[in-house]
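Below is one structure, written out as structure tokens, with a few remarks after it.
Worth knowing before you read on, the calculation uses all heavy atoms, side chains too, and leaves out hydrogens, waters and symmetry mates. Small disclaimer: the values here were computed from a predicted structure and weren't measured.
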Amino acid sequence: MYELKFDPDLCMACDTQDCLVKCQHMDIDQEAARTEILKLAGGEDSFVLRDCVTCYACEEYCPNGNHPFYLIVKMQEELGMFPLPDPLVKSGVQVGIPFRGEPVIDEMEGTALNMGVFSPLLGRVAGSKLFEGLPIISHDSRKMFHYFCQLMYLHYGKTSVINERLDGIIQTLAAHGAKEIVHFHDECYGTYTSYAPAFGIEVPFKSIHLFEFLYNRLLELKDEIRPLGYKVVYQRPCSSRLSSDKHPFVAKIFDLISVEYMDREYKDENAMCCGATILGQKKEGSRVYCAEIQKKNIDDMKKAGGQICVFNCPACMQTLGMPVSKAGIMPLFMSDLCRLAIGEKVG
Amino acid sequence: MSSIHQELVNIVGEDYASNRREELFTYSKDLGTSQPLWPEYVVAPKTTDELQAVVRLANETKTPIVPLGGGMTLAGLALPQQGGVIIDLKRMDKILEVNEQGRYMVVEAGISHGKITSYLKKNHPNLMHSEPGAPPAATVGGNLAIHGQGDLAHPYGFNTDMVNGLEVVLPTGDIARFGSCAVGSGWYTMHPLPDIGLFLGWNGATGIITKVSLKLYPCKKFRENNMFVVENEEFVPDVLFEISHLGMAEDLIATSSEIPPMMNRLHYISIINTGDSEEELEFKRHMTFDVQLAKYIRNGVGGIVSLYDERSRPQVSKSADWKKGGGFEYVGAIVPVSFYPECYRRGSEISGRHFIPYTVLGRVIGSCHSMMFSWSYAFNRADDATVKHARDALHETDELVMELNGTIWKPAIFGQKLMLERMDPGALRLMKEVKKILDPNGIMNPGNWEVD
Ligand SMILES: Cc1cc2nc3c(=O)[nH]c(=O)nc-3n(C[C@H](O)[C@H](O)[C@H](O)COP(=O)(O)OP(=O)(O)OC[C@H]3O[C@@H](n4cnc5c(N)ncnc54)[C@H](O)[C@@H]3O)c2cc1C
Ligand code: SF4
Ligand code: SF4
């Protein structure tokens, strides 16, 4: 079975303990942070396992690439301290079971677009110049669970499920033959470029982040870009913490299509989780806490003067799209915003 | 051209009476597993006068008649067991009155629930009626004839408990009215006159409902589906009891099904909460999850799946269409809420025996006074073996309901027989007498609720 590569020596030598010190959901000083992370590294219990809301952010906060979040999740499972009630864990684990037949493996060369488990959103990319010429993997929503990257189970304290299933998913993706895969969802990107190497799982294709792809594509289509001029805020998803080197493409795209990336409290490293996973956690008060952070987040977007809230993750969109629009801000996927910028209509 | 056909044409006009095979074909079918049964004629009256004339003709000629609304029961209840005339009531669909302050509306019984919902939404957005989860073409008359329940079942009970007045065409063709409308003082109450209501739940075997005063209820601006899940079926009755203690949910339904896998061996409880403001909704969420259900969450045995999921009406059931070929039929039973675990376990065993992914659902009626529990069985219309499995599973389920001491809801003929076999002899005698008095020629939907 795959083992997490976590190096306690890095923590011993670490002089920030940023992983926990920067955590937005716990109040921990540096000394306590060192104690707790070392406890976890040594396989011991820690209050962190109970208080972690699974926002992924410490993966980014750690300056040494030491995977503190993966460690937390691994320990939650080992000590049976699942953040969600059992029936939610069971339902989550079952969600990923394919039940509508085997996928059709159409062979491809070069670069392909992987819709993962979001093939129902295919309409948002099909026919757009941005994705012209890209063959599509996972275009049939009945088969989409064969392409489910499984990383969601980090919210469930279930690295075992990811590790059990991921090989099969990678094989299915690889069977299409594309050498490079652009992932529509950056959770997939994070799976193949962060999680898999952290656990020593081999990935035989190269992954491309959607935003890097969009940026490069927009450069190619530069003559067709019409400056949009909107004031935008960005809802950064948890999975983006696994690919922080790609996060700068957000600002670069906004710059290219001339929208104003508004400053606000919950921006970039200080982004606030959409709350989807916090809602159902068993820790007392989770529902109310979730409502509170969502309100703070949306108030912050309003205060910043955002006209459009740009989403990367469909789950964030599902969670926050409606309240954001009720607050008078238009929710829009990044890919849709880019389509607008080249004069395409979005539904 | 037969003389009955000509008489029918004389009553309703050529376009609305037929004995043509291609038209009768449609009326010979039911959406469920029933074998086709052919009528000899179909007629679609527009007015009560026309309907009375048709019924008189049938009574004189001793021709069986079968009232038909949307034809959505799935249990073959509007199939002509003995041939005769199918009376399609869908053209009798006028809205006659809406009384905002008195919160009721008077409609012709052939009106569809979908039409009522969209009419109220457009013209009286602060009022609603209890809409069944059936496809929107289901009619008011058909639903009352089988004691249906809709999306206000939790606060207000069966749809037949929400009737303020009734007009019926009797098997002789005469008209009778019940409730305050009977004494000419409007359609605002069913009580306090002596109870002679002998038409609800009779499958049209005692008369044809033509006008109904439906109770209307406050319709809140916002409606959301809050979903809770438990794994242990034994918890479901208590969860429902806890929520119904609040008296706030508009609809309360527990479901479990093998497909999709996320529902397999788990029980999802859909709590429809409504409010005129975010504050009202948040108060309800708070009372539901932070107070009544907190113990389940704290103990890790129950969890909030989703909140804020906006729910528009009507909410049509899409359950059980998991076999290719798109057919399904269900047995519904009215049972105590405490029966949920046993109904679920035994139902999933029946499904397993017939190679059908199990699908069960329980809708709370009243403050947990009872529950409509349904076992759905999917089949492929083009595959006789799967149809047979579904039919056998339905019969086994009817028998299961009897074994559990439940009451079959809208039983097919097979289930009606089981119920009649167990009926209290006094009640049975009375049913027989009532039927004999009202329908001496036995023309009204024969085969249904028939006491030998
Ligand atoms: C997917 C699905 C979901 C469903 N969900 C629900 C639900 O949530 N709640 C519910 O209650 N039902 C439900 N049903 C069952 C059924 O569709 C409804 O109860 C429906 O309202 C029945 O009305 P109808 O007009 O289709 O009746 P029909 O099937 O046309 O008739 C029903 C019976 O009443 C008789 N009849 C029809 N009209 C009259 C009349 N005017 N006077 C006297 N007798 C008459 C018929 O002869 C027949 O015996 C569901 C069905 C389906 C397919
Ligand atoms: S996980 Fe990273 S940030 Fe945390 S103590 Fe270890 S090295 Fe430092
Ligand atoms: S995942 Fe988020 S909540 Fe959990 S410890 Fe890391 S930063 Fe804190």
Side-chain angles (χ1 to χ4, degrees), chain A residues 50 76 80-101 117 141-142 144-145 148 152-153 155-157 161 165 274-292 294-295 298 315 318-327, chain B residues 221-222 224-236 239 254-269 277-279 281-311 322-324 357:
Chain A
R50 277 171 292 275
Q76 283 176 328
M81 294 166 62
F82 302 102
L84 293 164
D86 297 346
L88 282 183
V89 174
K90 182 171 163 126
S91 116
V93 170
Q94 292 180 178
V95 157
I97 300 174
F99 66 104
R100 286 293 208 187
V117 83
S141 56
R142 292 170 308 171
M144 65 191 185
F145 289 108
F148 179 29
M152 174 182 98
Y153 298 119
H155 293 301
Y156 292 73
V161 175
R165 296 180 183 169
C274 75
T277 189
I278 300 175
L279 174 73
Q281 286 173 347
K282 62 183 173 201
K283 190 178 160 202
E284 197 113 28
S286 292
R287 189 196 74 80
V288 174
Y289 182 60
C290 168
E292 273 169 19
Q294 288 176 339
K295 182 171 182 319
I298 294 171
Q318 197 183 357
T319 309
L320 287 183
M322 187 58 82
V324 159
S325 71
K326 277 188 183 156
Chain B
K221 284 201 190 100
F222 308 109
E224 66 179 30
N225 184 19
N226 296 327
M227 195 71 95
F228 194 72
V229 64
V230 295
E231 180 174 2
N232 186 340
E233 66 271 18
E234 296 293 342
F235 293 152
V236 174
V239 168
T255 49
S256 180
S257 60
E258 196 169 329
I259 295 175
M262 71 173 277
M263 301 195 68
N264 192 17
R265 304 288 160 199
L266 288 166
H267 305 274
Y268 285 74
I269 291 134
S277 63
E278 172 56 27
E279 287 71 29
L281 280 169
E282 177 53 24
F283 174 71
K284 291 183 177 179
R285 287 179 211 126
H286 165 69
M287 291 304 295
T288 308
F289 298 105
D290 308 341
V291 181
Q292 296 302 107
L293 300 181
K295 61 182 176 187
Y296 286 99
I297 301 171
R298 204 172 34 241
N299 296 334
V301 294
I304 303 171
V305 181
S306 59
L307 301 182
Y308 323 115
D309 183 5
E310 289 202 8
R311 207 24 86 100
W322 294 112
K323 290 238 165 198
K324 282 184 188 152

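Residue contact with chain A, scored on non-hydrogen atoms closer than 4.5 Å, involves the backbone of B:Val301 exclusively. Looking at A:Val89, neither its backbone nor its side chain comes within 4.5 Å of chain B, counting heavy atoms on both sides. Within the 4.5 angstrom heavy-atom criterion, atoms from both the backbone and the side chain of A:Ile97 approach chain B. Looking at B:Tyr268, only its side chain comes within 4.5 Å of chain A, counting heavy atoms on both sides. The parts of B:His286 that come within reach of chain A are both its backbone and its side chain, each placing non-hydrogen atoms under 4.5 angstrom from that chain. For chain A, the nearby part of B:Leu266 is the side chain; its heavy atoms alone come within less than 4.5 Å. Within the 4.5 angstrom heavy-atom criterion, only side-chain atoms of A:Lys326, from C-beta onward, approach chain B. For a residue to count as touching a neighbouring chain, one of its non-hydrogen atoms must lie under 4.5 Å from one of that chain's; by this rule A:Gln318 does not touch chain B.
Around the CZ atom of A:Arg142, the shell of radius 6.0 Å holds no more than 12 heavy atoms that belong to other residues, nucleotides or ligands. For B:Glu234, the CD atom is densely surrounded, since the number of other residues' heavy atoms within 6.0 Å is greater than 12.
Expressed to the nearest 0.5 Å, how far CD of B:Glu258 lies from CZ of A:Phe99 amounts to 11.5 Å. For the atom pair CG (B:Asn226) and CZ (A:Arg287), the distance works out to 8.5 Å, reported to the nearest 0.5 Å. In this structure, the separation between CG on A:Asp86 and OH on B:Tyr296 is 14.5 Å, given to the nearest 0.5 Å. Between the CZ atom of B:Arg265 and the OG atom of A:Ser91 there is a distance of 15.5 Å, given to the nearest 0.5 Å. Interatomic distance, CG of A:Leu84 versus CD1 of B:Ile304, reported as 11.0 Å (0.5 Å rounding).
A salt bridge does not link B:Glu278 to A:Lys295: none of the charged side-chain nitrogens sits closer than 4.0 Å to a carboxylate oxygen.
No donor-acceptor pair under 3.5 Å is formed between the side chain of B:Glu231 and the backbone N or O of A:Pro87.
Taking the side chain as every heavy atom from C-beta outward, A:Lys282 and B:Asn299 never approach each other to under 4.5 Å.
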**Q.** Test side chain to side chain contact (heavy atoms under 4.5 Å, CB included) applied to B:Asn264 and A:Lys90, step by step
**A.** CA-CA 9 Å; B:Asn264 192 17; A:Lys90 182 171 163 126; over 6 Å; no
